[in-house]
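Structure, as structure tokens:
The model shown is predicted, which means the values in this text are computed figures rather than measured ones. Sequence lines set the chain letters: A, B, ... in the order given, protein chains first and strands last, and positions in each chain run from 1.
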Number of protein chains: 2
Amino acid sequence: METHKAKRVTLADVAKASGMSKAAVSLILNNKEGARLSAEAKERVREVAKELGYRPNAAAQSLRSGKTRTLGFISDQVTVTRFASEMITGILRAAEARDHTVLIAETFGKPDQIAEAITQMTDRDVDGLILGFMDSRQRDLKIPHTGLPTVLVNGIDDSPCTAVLPNEWESGAKAVQRVIESGARSVAVIGELANAEKDPRTYPSISRRFSSLRGTLAETKLEVLGHWVLDDWNPTDGYEATTQLLAEGHSPDAIICANDRVAMGVFQALAEQGLTPGKDLSVLSFDDEIIASYLRPQLSSIRLPYEEMGSLAVDLLLDGNLKPGEHQIDMPLIERDSMMAH
Amino acid sequence: METHKAKRVTLADVAKASGMSKAAVSLILNNKEGARLSAEAKERVREVAKELGYRPNAAAQSLRSGKTRTLGFISDQVTVTRFASEMITGILRAAEARDHTVLIAETFGKPDQIAEAITQMTDRDVDGLILGFMDSRQRDLKIPHTGLPTVLVNGIDDSPCTAVLPNEWESGAKAVQRVIESGARSVAVIGELANAEKDPRTYPSISRRFSSLRGTLAETKLEVLGHWVLDDWNPTDGYEATTQLLAEGHSPDAIICANDRVAMGVFQALAEQGLTPGKDLSVLSFDDEIIASYLRPQLSSIRLPYEEMGSLAVDLLLDGNLKPGEHQIDMPLIERDSMMAH
DNA sequence: GTCTTGTGCTAAATGGATTTAGCACTTTCT
DNA sequence: AGAAAGTGCTAAATCCATTTAGCACAAGAC
């Protein structure tokens with residue numbers, strides 16, 4: 001079946017085999033409305049094209065049209081969390097649905113590599129650019145101005161641009177709401193970052209999460225037993241904060257954790273005191289990383305909707321819907337077993 | 001500074017501005033050895049090119065050369081684990097070092113989408129293809145035969161092909177060796193998959209890990225207290241197996257876990273019995289997922305070297321080093337706190 | 001002074017698809 | 001019958017970089 005020299009079938013081949021001109025074949029295969037061609041010719045050409053397995057040469061098409069049907073995705077770190085993966089998934093899903101492919105590059109966490117990555121993308125003439133930031137502490141994006149349609153995901157910039165962000169304003173309110181529904185009267189909040197509020201541009205997601213939490217909490221009758229500011233959000237931090245909280249004699253009905261890693265440490269500390277989340281008290285967290293479902297009991301968490309954010313970015317790009325501004329995506333509460341039923 | 005209509009600078013523009021022909025400019029900018037051109041002309045052209053910010057049009061280059069300097073990466077699931085992310089990182093690092101970009105596609109776990117993804121890639125005329133399998137249970141790859149240079153990562157196929165795999169033969173031996181060094185006299189193994197050995201093609205990595213473990217163990221004086229076959233490798237499975245093991249009155253000096261998720265469950269069960277890994281007994285695991293460092297104490301684990309695997313795949317592809325066969329990459333033991341010192 | 005060799009450079013072809021202008025022919029209108 | 005309108009199709013230009021064949025001139029050889 002294989003020909004000796006595997007040469008690709010071109011438009012010219014189809015033209016020759018069907019006895020038509022290249023122009024006619026192109027017109028037909030692209031379903032051009034204006035073209036006047038006989039039904040018979042159309043059928044024949046389509047048949048021959050299929051038979052020969054004709055596929056247009058993408059390079060030739062882009063050269064002519066200036067379009068590549070390719071989107072560029074640049075991320076600051078693909079490695080560490082589930083987030084980048086989910087964002088890629090969302091991007092891939094949306095792009096595929098609209099017959100586009102995705103070129104990726106990464107800055108490996110070094111801000112000065114953004115320019116280099118963007119050059120790669122403009123060299124390949126992508127039709128649009130998605131800049132994804134996993135590390136919400138990134139500052140000074142220094143996004144070089146390209147003429148390209150660009151969407152920022154999970155980041156903001158000084159220059160006016162289109163951005164997709166999780167709806168953190170709502171997430172804090174949602175958490176408090178759920179805590180109240182659990183019947184709690186007292187609550188501890190573990191994990192606010194020390195400098196988040198000072199520099200909201202650097203921590204857009206985080207600072208909103210806590211502004212919202214704090215604001216909503218103030219309007220309720222809940223007793224706030226502790227509001228722990230941490231330098232970092234690792235299990236150890238959650239463990240130590242909780243251990244100290246309990247050692248001070250507090251016994252909150254609910255604990256709200258900054259993220260799932262903190263929650264993991266909280267679980268460990270609670271376990272040491274014989275306390276079981278979902279039975280003796282409620283624990284609620286943010287992010288919904290994979291570990292949320294690994295914990296025992298499984299952790300209820302307000303999810304960072306990275307996949308949806310990726311998809312939306314693609315849609316905005318391809319719809320040319322790029323007015324500067326923010327698009328916020330709802331953060332769903334994933335119910336598991338760490339909240340009291342009430 | 002910006003021109004009104006942002007039109008890209010072409011070779012012709014550089015030629016006109018420098019008073020040379022397109023041919024000369026091309027020759028100069030590509031450092032063609034054979035070309036006889038005055039040093040003065042070379043300098044002038046390069047200067048003008050830089051000044052104008054000339055960047056070659058990739059589409060035109062590929063059209064002419066048939067090369068795209070682009071690699072395709074198709075993965076079966078990017079979402080779930082850290083593995084795909086690390087593989088992408090490895091691929092990106094190696095590709096960037098050799099001035100290539102990477103196009104990604106995903107099958108979303110559906111094997112029949114491989115063909116579609118490959119079509120996307122051949123349409124874009126990638127220079128090589130990397131097929132990455134995260135889900136080691138994938139069977140019946142049904143890789144359509146393309147003329148493209150292809151490397152399989154973490155998967156094997158019936159047809160002869162170039163594959164990159166973790167060195168699981170060695171990993172089992174390494175684990176046993178480490179357990180012996182910890183001074184253990186008895187060991188439990190938790191987590192062999194029920195059907196792995198029956199279908200090594202479906203579980204290449206896994207079946208080797210356990211063949212090796214079992215073989216090495218048989219040659220030692222270690223007492224094997226339990227060898228738990230599980231249907232799945234989640235924390236719950238590890239928890240239940242361990243609880244049962246202890247309930248039966250065993251008290252192993254060491255536990256080898258199939259992966260880190262199992263180890264997490266093992267930790268939970270041990271904690272309930274007041275047993276601390278690294279102090280009362282040794283726990284060793286495989287994969288080195290992110291949770292390994294979240295556990296308390298931190299888990300020692302034999303790492304799946306996905307980043308290196310990705311890099312190697314790129315190098316093989318670009319070196320044209322594609323003899324059918326397997327390339328195995330060493331799995332390093334990441335020492336943390338869960339093993340006894342001896 | 002012709003012949004060779006060398007030097008510096010360019011015209012033109014090439015790759016594959018798209019699109020515009022327009023040719024040749026038939027049908028309809030007056 | 002002659003003009004106008006309609007139908008089916010194609011030639012050629014275009015996008016941009018690369019590469020081959022070869023032109024025009026200068027310097028050295030005999």
Any side-chain N or O of [X] less than 4.0 Å from the OP1 or OP2 oxygen of [N]?
X       : N      : value
A/Tyr54 : C/dG16 : no
B/Asn30 : D/dA17 : no
B/Lys32 : D/dT19 : yes
B/Ser38 : C/dC9  : yes
A/Asn57 : C/dG15 : no
A/Gln61 : C/dG16 : no

Using heavy-atom distances to pick each residue's nearest nucleotide on DNA chain D, tell me which of A/Ser21 and B/Ala60 is more 5'.
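Per heavy-atom nearest nucleotide, the more 5' residue is A/Ser21.
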Distance check needed: [N] [atom2] versus [X] [atom1], whole Å only.
X        : N      : atom1 : atom2 : answer
B/Leu37  : D/dA24 : CG    : C1'   : 15 Å
A/Arg55  : C/dG15 : CZ    : P     : 22 Å
B/Leu29  : D/dT18 : CG    : P     : 8 Å
A/Ile28  : D/dG8  : CD1   : C1'   : 10 Å
B/Arg124 : C/dG16 : CZ    : P     : 18 Å
B/Met20  : D/dA17 : CE    : C1'   : 16 Å
A/Leu27  : C/dA21 : CG    : C1'   : 13 Å
A/Arg64  : C/dT14 : CZ    : C1'   : 17 Å

Is A/Ser26 reaching over with its side chain to a backbone N or O of A/Ala23, donor-acceptor style, under 3.5 angstrom?
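Not a single qualifying donor-acceptor pair exists.
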Counting only N and O atoms by type, is there a donor-acceptor contact under 3.5 Å from the side chain of B/Asp319 to the main-chain atoms of B/Asn321?
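No, because the side chain of B/Asp319 does not come within donor-acceptor range (under 3.5 Å) of the backbone of B/Asn321.
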A/Asp315 and A/Arg98 ion-paired at < 4.0 Å
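A/Arg98 and A/Asp315: salt-bridged.
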Cationic N near anionic O, under 4.0 Å, B/Glu86 to B/Arg303
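Judged by the 4.0 Å cut-off on N to carboxylate O distance, B/Glu86 and B/Arg303 do form a salt bridge.
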Mapping B/Leu63 and B/Lys22 to their closest nucleotides on DNA chain C, which lands nearer the 5' end?
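First, find each residue's nearest nucleotide; the 5'-ward one identifies B/Lys22.
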Under 4.0 angstrom, heavy atoms only, what part of the nucleic acid is B/Ala59 near: base, sugar-phosphate, or nothing?
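Contact class for B/Ala59: none.
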Looking across every strand, which nucleic acid part, if any, lies under 4.0 Å from A/Ser26 by heavy atom: base, sugar-phosphate, or nothing?
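Base contact - A/Ser26 has a heavy atom under 4.0 Å of at least one base atom.
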Considering only nitrogen or oxygen atoms on both sides, find all protein atoms under 3.5 Å from nucleotides 23-25 of chain C and state each distance.
none

Looking only at side chains, do A/Thr70 and B/Arg124 share a donor and an acceptor under 3.5 Å apart?
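There is such a pair between these side chains.
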Passing option when A/Arg69 is tested against A/Asp99, A/Asp127, A/Asp125 for salt bridge (Lys or Arg N to Asp or Glu O under 4.0 Å)
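The single option meeting the salt bridge (Lys or Arg N to Asp or Glu O under 4.0 Å) with A/Arg69 is A/Asp99.
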Please assess B/Ser62 against B/Thr68 for the test side chain to side chain donor-acceptor pair (under 3.5 Å), listing each intermediate value before the final yes or no.
CA-CA 5 Å; B/Ser62 340; B/Thr68 52; 5.9 Å; no
Closest approach of A/Ala58 and B/Asp123, non-hydrogen atoms and distance?
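Looking at all heavy atoms of both residues, the closest pair is CB-O, 3.2 Å.
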Considering only side-chain heavy atoms of A/Thr10, which listed nucleotide, C/dG16, D/dT10, D/dC16, is closest?
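Among C/dG16, D/dT10, D/dC16, the one nearest the side chain of A/Thr10 is C/dG16.
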